[in-house]
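A short write-up of the structure that comes next.
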Amino acid sequence: MKARLRRSAALLAGSLIPLSLLMGQPANAVSADPMTDAFARAAATYEVPRDLLVTLAFAETHLDGHEGEPSASGGYGVMHLVSNPTARTLERAAKLTSQPVSALKADDAANITGGAAVLRAYADELGLDAAARKDPAKWYPVVAKYGNAASPDVARLYADTVYDLLAEGVDADTADGESVTVRPQAVEPDRGAYARARDLNTSAAAAAVDYPSAHWVPAHSSNYAVSSRPSSDAIDRIVIHVAQGSYAGTISWFQQGPRPNPTSSHYVIRSSDGDITQMVREKDRAFHAGEYNRRSVGIEHEGYINNASWFTDTMYRASAALTRNIADRYGIPKDRTHIVGHHQVPGADHTDPGPNWDWTKYMQYVTGSSGGSNPHTAESVCGSGYKVIDSAALGTAGTVYLLYNSANGYNCVATIKKTSLGTATATSAYLEVQGRTRVTDSGNFAYYAGPVRASAADKCVRWGGKAGSAVYDSPFEHCG
């Protein structure tokens, strides 16, 4: 009987018969967990893995329908059904479910049903049979297609984000206080043709980016103006934006064009881990801030202004490190006159970054005036018995220390960061005993580089390190 009901539901999903009746529930039943139930019904009706459906929705919107208001790229509802010149998943969902567009925009259950219907339609087009539809790994190309990406690289970024979240699990509260969960589950996705796409989570074109930690994904040429700043126009402002959309979705939107209202930003930052993509060279003018386009660098942040859950501490720290780097390179004062929100731009009709953006925390991270201290010391990094015998400041970014252990005759070097704490940035420490090969610990580290230890009794040593753009190199010293 249950199997017959499911087949009937699939056959009748295009009608206006309430799904509650299809599933054997009274039409006027009020659920204590309406969104959880909506995901379950939509997943069963269209044979989409329920956990994958929830995770995709969370990646897009954090399960927030935004009261029917569109994202920057014209996406609506929990499932981000899109209506713009290049994507029409909203209209397709309406056709597949026979639900009015108004309901798909504003009603969570209808929107979730529409998203599931579009996913199933893509699955059918890509040839997923009944057995494949039961395996979340096989849905990877479907998920990639759902993101409406402008390129295979960004489609892979979009799908990888969903599968990474599936591995971590989801525990989200809706605007109505309902808890929606997905247990963590490791799924090895079958990427198919997307395995050949560039992995934007790991690859970078170092010659193209202005900020070493960023990936390079160019915006469409119609969305910015080639320039020669700062020689043509001085850069004296940094503008903070909130994208009103997801990380991959924003990157894809800036790649699409030409269109009536060209839009881009120099950088886009991800909420979960502070990952940074550069899309317009700083010398060029991104179209992001009206009157300030000529004089500013724009930074977009994944998320929505009315949902504070997007503004993670990791995002704040990564963004602040980027802002600090830009300000130092162009001599921009690190204050709220020169580091501004989009809403502060003269003539702007935008409200981002909105009331949930914590300017106090952000500016503390930018200036290094607060935001916590490094929980590690040179002694704790090098270990028991080591005592500091020398040190050198690395600007404001950190300090490199030389330590000695009198019990075993070993020196140790550690570089302890002072800024960008918790964010992996270029840091190094080295120790060279005279007559021997130098030993170096170098990479992107969150708190410190090292320890680098070597036996140096009765020997001179050369030591040093790097944090940020500051470097220290000692002569051979501390002999014996």
Begin with the C-alpha distance, continue with both residues' side-chain angles, and end with the deciding distance and a verdict on side chain to side chain contact (heavy atoms under 4.5 Å, CB included) for Thr396 and Lys418. CA-CA 7 Å; Thr396 60; Lys418 289 184 177 179; over 6 Å; no
Would you call Pro262 and Tyr224 a side-chain contact if the rule is heavy atoms closer than 4.5 Å? no
Main-chain N/O of Ala426 paired with Asn444 side-chain donor or acceptor, under 3.5 Å: yes
Chi angles and distances behind the side chain to side chain contact (heavy atoms under 4.5 Å, CB included) call for Val82, His80: CA-CA 6 Å; Val82 176; His80 199 252; 3.5 Å; yes
Out of curiosity, Ile235 CD1 to Arg295 CZ, how far, rounded to the nearest 0.5 Å? 11.5 Å
Pro189 versus Val187, closest heavy-atom pair with distance: CD-O, 3.0 Å
Check: Gln99 side chain, Leu104 main-chain N or O, donor-acceptor pair, under 3.5 Å: no
Check: Tyr247/Thr277 side-chain N/O donor and acceptor closer than 3.5 Å: yes
Flag side-chain contact, heavy atom, 4.5 Å: Ser83 against Arg88: yes
List for me each residue that meets salt bridge (Lys or Arg N to Asp or Glu O under 4.0 Å) alongside Arg229, sequence neighbours excluded, and say none if there are none. none
Could you check if a side-chain atom of His220 sits within less than 4.5 angstrom of a side-chain atom of Arg259, using non-hydrogen atoms only? no
Name all pairs fulfilling the ring-ring contact (aromatic ring centres under 6.0 Å, His included) condition that reach into residues 326-351, sequence neighbours left out, sorted by first residue then second. His241-His342, His342-His350
Is the Tyr122 ring parallel, tilted or perpendicular to the Tyr146 ring (thresholds 30°, 60°)? perpendicular
Hey, would you say the Trp310 and His301 ring centroids sit under 6.0 Å apart? no
For the residue pair Asp358 and Tyr365, confirm or rule out a side-chain donor-acceptor distance under 3.5 Å. no
Flag for Gln256-Thr86: side-chain donor and acceptor within less than 3.5 Å: yes
Residue pair Ser420, Thr425: steps toward the side chain to side chain donor-acceptor pair (under 3.5 Å) verdict: CA-CA 7 Å; Ser420 301; Thr425 59; 4.8 Å; no
Quick check: does any side chain N or O of Asp51 sit under 3.5 Å from a backbone N or O of Val182, one acting as donor and the other as acceptor? no
Could you tell me whether a side-chain N or O of Arg198 sits under 3.5 Å from a main-chain N or O of Pro152, the two making a donor and an acceptor? no
Heavy-atom count around Lys145 NZ within 6.0 Å, excluding the residue itself: above 12? yes
Side chains of Lys417 and Leu394 in contact at under 4.5 Å (non-hydrogen atoms): no
Salt bridge flag under 4.0 Å for residues Asp273 and Arg270: yes
May I have the step-by-step check of side chain to side chain contact (heavy atoms under 4.5 Å, CB included) for Leu157 and Asp153, ending in yes or no? CA-CA 6 Å; Leu157 175 67; Asp153 298 345; over 6 Å; no
Would a distance-only check, ignoring hydrogens and angles, find a side-chain to backbone donor-acceptor pair under 3.5 Å from Asp108 to Gly77? no
How far does CG of Leu63 sit from CZ of Phe58, to the nearest 0.5 angstrom? 6.5 Å
Quick one, Leu119 and Trp139 - any side-chain contact, counting heavy atoms below 4.5 Å? yes
Could you report the tightest heavy-atom contact between Ala132 and Leu128, atom names first, then the distance? CB-CG, 4.0 Å
Does the distance from a Lys or Arg side-chain N to an Asp or Glu carboxylate O, for Arg324 and Asp328, drop under 4.0 Å? no
Listed by chain and number, what are the salt bridge (Lys or Arg N to Asp or Glu O under 4.0 Å) partners of Glu178, not counting sequence neighbours? none
Can you tell me if Thr174 and Asp176 form a side-chain donor-acceptor pair at under 3.5 Å? no
Quick check: does any side chain N or O of Asp171 sit under 3.5 Å from a backbone N or O of Thr181, one acting as donor and the other as acceptor? no
Testing the basics here: between His266 and Gly298, what is the closest heavy-atom pair and its distance to 0.1 Å? ND1-N, 3.0 Å
How close do Pro141 and Tyr194 get, heavy atom to heavy atom, and via which atoms? CA-CE1, 4.0 Å
Closest non-hydrogen atom pair, Ile326 against Val297: CD1-CG1, 3.7 Å
Nearest 0.5 angstrom please: Ser428 OG to Tyr448 OH, how far? 15.0 Å
Does Met79 form a side chain to side chain contact (heavy atoms under 4.5 Å, CB included) with Leu56? I'd like the steps, not just the answer. CA-CA 8 Å; Met79 296 299 299; Leu56 186 151; 3.8 Å; yes
Taking the side chain from Ser252 and the backbone from Ala150, do they hold a donor-acceptor pair closer than 3.5 Å? yes
What class does the angle between the rings of Trp359 and Tyr362 fall in, given that below 30° is parallel, 30 to 60° is tilted and above 60° is perpendicular? perpendicular
Could you tell me which non-hydrogen atom of Ala289 sits nearest to which non-hydrogen atom of Val345, and how far apart they are? O-CG1, 3.1 Å
Is any side-chain heavy atom of Leu200 less than 4.5 Å from a side-chain heavy atom of Tyr158? no
Would you check, one step at a time, whether the test side chain to side chain donor-acceptor pair (under 3.5 Å) holds for Ser296 with His288? CA-CA 9 Å; Ser296 68; His288 67 105; 3.1 Å; yes
Under 3.5 Å: donor-acceptor pair, side chain of Ser264, backbone of Phe287: yes
Has Trp216 got a side-chain atom pairing as donor or acceptor with Gln278's backbone, closer than 3.5 angstrom? no
With sequence neighbours left out, the residues meeting salt bridge (Lys or Arg N to Asp or Glu O under 4.0 Å) with Asp160 are Arg156, Arg191
Short question: side chain of Thr61, backbone of Val78 - any donor-acceptor pair under 3.5 Å? yes
Looking at residues at least two apart in the chain, or sitting in another chain, which of them share a salt bridge (Lys or Arg N to Asp or Glu O under 4.0 Å) with Asp233? Arg294
Would you call Lys283-Asp210 a salt bridge at under 4.0 Å N-O? no
Hey, does Tyr46 have a side-chain heavy atom less than 4.5 Å from the side chain of Thr97? yes
Euclidean distance, Met279 CE relative to Ser265 OG, rounded to 0.5 Å: 9.5 Å
What's the separation between atom CZ in Phe311 and atom CG in Asn356, rounded to the nearest 0.5 Å? 6.0 Å
Can you pull the salt bridge (charged side-chain N to carboxylate O under 4.0 Å, His left out) pairs that have at least one residue in residues 58-78, sequence neighbours excluded? none
Pairwise distance OG1(Thr161) to CG(Asp275) - rounded to 0.5 angstrom: 9.0 Å
Would you mind reporting whether Gln244 and Asp352 have side-chain heavy atoms less than 4.5 Å apart? no
